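Structure first, then comments.
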Amino acid sequence: MESTSSNVGYACINLSLQAEKITTNRGMIRKTFLTKGIGYASELALKNVTDLLKIIDWNLENGFRIFRMSSDIFPWASEYKLAELPDFPDIRATLEDIGTRPIRLTVHPGPFNHLAGQGSVLDNTIKDLEYQSELFDLMGLTPSHWNKINIHVGGTYGDKEATLIRFAQNFNLLSAGLRARLTVENDDRVSLYTVEDLVPLSETIGTPIVFDYFHHSLNPGSQTEEEAFLTAYNTWDVRPVFHFSDSRQNHEDSTARREAHADWIYSPINTYGKEVDIMVESKMKELSLLRMRGITVTV
DNA sequence: CTGGGTCAAGTCCAC
DNA sequence: GTGGACTTGACCCAG
């Protein structure tokens with residue numbers, strides 16, 4: 001459901017509720033899945049979805065109107081169809097309930113998704129992404145970039161441009177709903193993709209670019225932050241979602257990897273006069289946003 | 001009940 | 001060449 005002004009949200013985990021065992025990350029290792037099968041997967045999925053609704057309602061009560069869902073709500077989702085789960089009727093009813101809430105939901109599927117990949121890598125990617133899209137369908141949400149399914153290109157295979165062309169070709173293998181939801185994000189390492197690198201892809205397949213401020217700072221290419229921000233901004237057909245985090249190395253632990261995210265947020269977020277939604281990626285989750293409130297509002 | 005070892009997936013990179 | 005990291009550590013079991 002669309003809201004009319006900029007929002008700030010966080011990803012996957014609510015630390016306040018996690019302390020009360022309210023979580024959407026219940027899963028199992030392979031051995032357990034092989035022993036217990038989809039009956040147990042169904043049980044965990046129902047608990048995850050039930051808790052997802054609780055987290056969403058907590059968000060609304062606390063003024064958070066955008067949230068990134070975990071990609072692991074359904075354990076071993078690639079191994080069955082959702083409708084096969086014994087608890088599917090309850091799961092579906094809960095997802096429908098979630099779909100009525102006035103909050104912008106997004107997902108960021110795992111780093112194993114490589115749409116430019118080949119063979120089983122590509123097959124697994126399509127399966128995973130389609131399942132994420134099906135979740136939004138079950139929530140009754142019309143396919144659009146409002147509920148983005150955001151991924152990285154995931155690798156260059158030794159040839160950045162050829163890989164983007166393969167990504168664009170494989171994009172045509174996806175369902176219409178998934179194509180309407182997919183977005184791509186700039187990478188944090190210089191061997192991978194800057195915002196500028198992703199522009200031709202975006203122009204070819206109409207997929208908006210998610211601008212990640214921190215990744216840009218580590219891999220700016222030839223653009224300033226403002227230029228990359230505006231380049232990405234102009235690829236969107238709804239209000240963008242951009243990612244923000246601070247550097248752990250600069251703010252908390254000088255020995256940390258340069259790509260590591262800080263626990264908290266220290267810097268103001270410059271949105272260059274534009275209305276955008278901000279997905280904050282900090283280890284302290286909603287706590288960092290509560291602490292940030294009133295200090296760094298420059299939207 | 002907890003600490004430690006282990007855990008689906010692909011790619012890149014530091015060691 | 002191995003292991004860690006990635007959008008998020010969680011699961012399992014021996015003790």
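All heavy atoms count here, side chains included; hydrogens, waters and symmetry mates do not. Here the structure is a predicted model, which is why all the values come from computation and not from measurement.
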*Under 4.0 Å between a Lys/Arg side-chain N and an Asp/Glu carboxylate O for Asp57(A) and Lys54(A)?*
no
_Please tell me if Thr125(A) has a side-chain N or O lying less than 4.0 Å from either OP1 or OP2 of dG10(B)._
no
*Is the shortest distance from a Lys or Arg side-chain nitrogen in Lys47(A) or Asp87(A) to a carboxylate oxygen in the other one below 4.0 Å?*
no
*Distance check: side-chain N/O of Ser191(A) vs OP1/OP2 of dC13(B), anything under 4.0 Å?*
yes
*Picking from dT7(C), dC11(C), dG10(B), which would you name as closest to the side chain of Pro111(A)?*
dT7(C)
*Distance between the C1' atoms of dG3(C) and dC7(B), in whole angstroms?*
14 Å
*With a 4.0 Å cut-off on heavy atoms, is Ser71(A) in touch with a base, just the backbone sugar-phosphate, or nothing at all?*
nothing
*Watson-Crick or G-U wobble mate for dC13(B), both contacts under 3.5 Å*: dG3(C)
*asked:* Does Arg68(A) reach a base, just sugar-phosphate, or nothing at all? Heavy atoms under 4.0 Å.
replied: sugar-phosphate
*asked:* Taking the minimum atom-to-atom distance to the side chain of Arg189(A), which one of dC12(B), dT8(C), dC12(C) wins?
replied: dC12(B)
*Atom pair distance, as rounded to whole Å: CD in Glu286(A) and P in dT7(C)*: 20 Å
_Lys81(A)/Glu134(A) ion pair, N-O < 4.0 Å_ = no
*So, the side chain of Asp246(A) versus the backbone of Ala262(A): is there a donor-acceptor pair under 3.5 Å, distance only?*
no
*Could you check which of dT7(C), dC11(C), dA9(B) has an atom nearest any side-chain atom of Ile29(A)?*
dC11(C)
_Once you apply a heavy-atom cut-off of 4.0 Å, does His152(A) come out as touching a base, just sugar-phosphate, or nothing?_
sugar-phosphate
*Could you tell me whether the phosphate oxygens of dC12(B), OP1 or OP2, come under 4.0 Å of any side-chain nitrogen or oxygen in Thr156(A)?*
yes
*Distance, P atom - from dT6(B) to dG4(C), rounded to whole angstrom*: 11 Å
_Watson-Crick or G-U counterpart of dA14(C), or none if no pair lies under 3.5 Å_ = dT2(B)
